[in-house]
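All remarks here apply to the structure that follows.
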Amino acid sequence: MRCFFSGLVYGVPFFLGLILLELTYSKAHNHKDLYNWRDLFSSIGMGVGSAVIAPLVKTITVILLFSFVYDVFNPLVNGVRTNIMGYESFGYTWYIWILCMLCDDFSYYWFHRQNHMVRFFWAAHIVHHSSDNFNLGTAVRNGWFTIFYKPLFYVWIVAIGFPPEMLVVCLGIEALWQFQLHTVFIPKLGVVDKILNTHTMHQVHHACNIEYMDKNHGGILNIFDRVFGTWKELDENVEIAYGVTSPPESYNLWVILTHEYSDIWRDIKKSENLWHKLMYVFGPPGWSHDGSTQTVKEIRKEMALKKRQMAKQNIPKPLGKELRDDVYTSGIKV
């Protein structure tokens, strides 16, 4: 418990210091619109709330969940931790730390991806994406409810034999890497971009350009995005629009935190069909039973169909409106 509050005492000033540094740099280097004061204060408010809640939840997680699962699946046999599959549970050798970090990164990818694929999870995660600014202030704009279900994506790691405290350290490293990704001042990094999830890749992730949505879910590495088909490189010729297509339109913390849950409740009441109600909660964001809103996949499919039709008909594109995967401005909610 003490280590969590130590992290709170030292971590928060460190993050705030970096935010202040970036803010000062942006004002002095012709990026005066990088920060919006009211938006920044909202982000910091969300971050402080998360920083207060997280240590309490993490303490319960480590004691009651990770440690419990570790003990059940890795009981002491003649004084030696032995996994129920018959092998000796993992120790603290250097390469075990690397393996644990890989497992953590794999879990982070699927945790993060499901936050974009399942609307109930998206309602919690949208808080992080709800700002139309991309900066270190946005990095601390974290939803409070993701904290309660995130450990469920990682519990398998202790079940197969990694010590709970090792996993907690890896989670901390992942969080630090994610924080520093939220800046526009780091360009493409060449060969590093082949391996790591870098700053330009995370710019793609935060964009609401239709070609960029639901891309680059990785934590430290980008291999899982590449393997599972969600990797996207930044096109420097495309202007990025940050944020979400259905923003809260408010700087009120409670509205930012809960607006998507309100939208889910509103949509549930649109149909009496039980399956429709379940899909509004657990289906992908943008799903609707009557086509009034569309998912990202549906929009992309529609745009691809229009491209094919225009190609077949050999109709020139209208001036000033390319049918390309750019910022989607039709007004359809996704």
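FYI, the numbering just counts along the sequence from 1.
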ask   = Cut-off 3.5 Å, side chains only: do Y70 and E165 have a donor facing an acceptor?
value =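 No - no donor-acceptor pair under 3.5 Å links their side chains.
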query = With distance as the sole criterion, is a donor-acceptor pair present between the side chains of Q203 and Y242 under 3.5 Å?
reply =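 Per modelled atom types, Q203 and Y242 side chains form a pair under 3.5 Å.
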For the residue pair [X] and [Y], what are the closest heavy atoms and their distance?
{"X": "G137", "Y": "S43", "value": "O-CB, 3.3 Å"}
{"X": "L171", "Y": "K150", "value": "CD2-CE, 4.4 Å"}
{"X": "C208", "Y": "G243", "value": "CB-O, 3.5 Å"}
{"X": "Y212", "Y": "V204", "value": "CB-O, 3.5 Å"}
{"X": "N197", "Y": "Q178", "value": "ND2-NE2, 3.7 Å"}
{"X": "Y35", "Y": "S26", "value": "CD1-OG, 4.0 Å"}

Using modelled atom types only, decide if a donor and an acceptor are shared between the side chain of [X] and the backbone of [Y] within a distance under 3.5 Å.
{"X": "D225", "Y": "G218", "result": "yes"}
{"X": "N74", "Y": "V158", "result": "yes"}
{"X": "S130", "Y": "V127", "result": "yes"}
{"X": "N209", "Y": "A241", "result": "yes"}
{"X": "H199", "Y": "L181", "result": "no"}
{"X": "D104", "Y": "C100", "result": "no"}
{"X": "T295", "Y": "E298", "result": "yes"}
{"X": "S250", "Y": "P248", "result": "no"}
{"X": "S42", "Y": "R38", "result": "yes"}
{"X": "T293", "Y": "G286", "result": "yes"}

Rounded at 0.5 Å granularity, tell me how far [atom1] in [X] sits from [atom2] in [Y].
{"X": "L136", "Y": "L16", "atom1": "CG", "atom2": "CG", "result": "11.0 Å"}
{"X": "L253", "Y": "I44", "atom1": "CG", "atom2": "CD1", "result": "11.0 Å"}
{"X": "D33", "Y": "K27", "atom1": "CG", "atom2": "NZ", "result": "7.5 Å"}
{"X": "K277", "Y": "E272", "atom1": "NZ", "atom2": "CD", "result": "5.0 Å"}
{"X": "W144", "Y": "I256", "atom1": "CH2", "atom2": "CD1", "result": "10.0 Å"}
{"X": "L40", "Y": "R141", "atom1": "CG", "atom2": "CZ", "result": "9.5 Å"}

For a 4.5 angstrom cut-off between non-hydrogen side-chain atoms, does [X] reach [Y]?
{"X": "I186", "Y": "T198", "value": "no"}
{"X": "T183", "Y": "N135", "value": "no"}
{"X": "I173", "Y": "I220", "value": "yes"}
{"X": "E260", "Y": "D263", "value": "yes"}
{"X": "N83", "Y": "S89", "value": "yes"}
{"X": "P285", "Y": "M117", "value": "no"}
{"X": "E174", "Y": "M101", "value": "yes"}
{"X": "N115", "Y": "H128", "value": "no"}

ask   = Are L196 and W177 close enough, and set up right, to give a side chain to side chain contact (heavy atoms under 4.5 Å, CB included), and what steps lead you there?
value = CA-CA 10 Å; L196 300 180; W177 183 264; 3.9 Å; yes
ask   = So F90 and M166, side chain to side chain contact (heavy atoms under 4.5 Å, CB included) or not? Walk me through it.
value = CA-CA 10 Å; F90 306 123; M166 180 181 287; over 6 Å; no
Would you call the rings of [X] and [Y] parallel, tilted or perpendicular, where under 30° means parallel and over 60° means perpendicular?
{"X": "F120", "Y": "F282", "result": "tilted"}
{"X": "H112", "Y": "H202", "result": "tilted"}
{"X": "F148", "Y": "F145", "result": "tilted"}
{"X": "W287", "Y": "H276", "result": "tilted"}

For residues [X] and [Y]: do they belong to one hydrophobic cluster (side chain heavy atoms under 4.5 Å, members Ile, Leu, Val, Met, Phe, Trp, Tyr)?
{"X": "L167", "Y": "W156", "result": "yes"}
{"X": "V191", "Y": "M201", "result": "no"}
{"X": "Y92", "Y": "I157", "result": "yes"}
{"X": "I19", "Y": "Y251", "result": "no"}
{"X": "W37", "Y": "L18", "result": "yes"}

Criterion side chain to side chain donor-acceptor pair (under 3.5 Å) on S271 and N273, from CA distance to verdict = CA-CA 5 Å; S271 174; N273 184 292; 5.4 Å; no
request  = Have a look at F224 and tell me which of F106, W231, W110 forms a ring pair (Phe, Tyr, Trp, His ring centres under 6.0 Å) with it.
outcome  =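 Of the listed options, the one satisfying the test is F106.
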Positive for ring pair (Phe, Tyr, Trp, His ring centres under 6.0 Å) with H217, one of H206, H116, H125 =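 Between H217 and the candidates, ring pair (Phe, Tyr, Trp, His ring centres under 6.0 Å) is satisfied uniquely by H116.
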query = Between F121 and Y149, does a ring-ring contact (aromatic ring centres under 6.0 Å, His included) hold up when you go through it step by step?
reply = CA-CA 9 Å; F121 293 157; Y149 62 82; 4.5 Å; yes
message = Check this for me: does any side-chain nitrogen of one of K297 and D214 sit under 4.0 Å from a carboxylate oxygen of the other?
response =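 Salt bridge: no.
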message = Against F153, only a single residue in Y108, Y109, F111 fulfils side-chain contact (heavy atoms from CB on, under 4.5 Å); can you say which?
response =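 The option that passes is F111.
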message = As a test of understanding, state which of K270, R119, H289 forms a side chain to side chain donor-acceptor pair (under 3.5 Å) with Y280.
response =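 It is H289; the other options fail the test.
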ask   = Is the number of heavy atoms from other residues, nucleotides or ligands within 6.0 Å of CZ (F68) greater than 12?
value =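 Counting other residues, nucleotides and ligands, CZ of F68 stays at 12 neighbours or fewer.
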message = Run L176 and Q180 through side chain to side chain contact (heavy atoms under 4.5 Å, CB included) and show every step you take.
response = CA-CA 7 Å; L176 289 173; Q180 59 86 37; over 6 Å; no
query = Step by step, would you call I126 with H259 a side chain to side chain contact (heavy atoms under 4.5 Å, CB included)?
reply = CA-CA 9 Å; I126 194 175; H259 75 277; 3.6 Å; yes
query = Going through the checks in order, is the side chain to side chain donor-acceptor pair (under 3.5 Å) test met by N133 and N36?
reply = CA-CA 8 Å; N133 298 293; N36 173 292; 5.4 Å; no
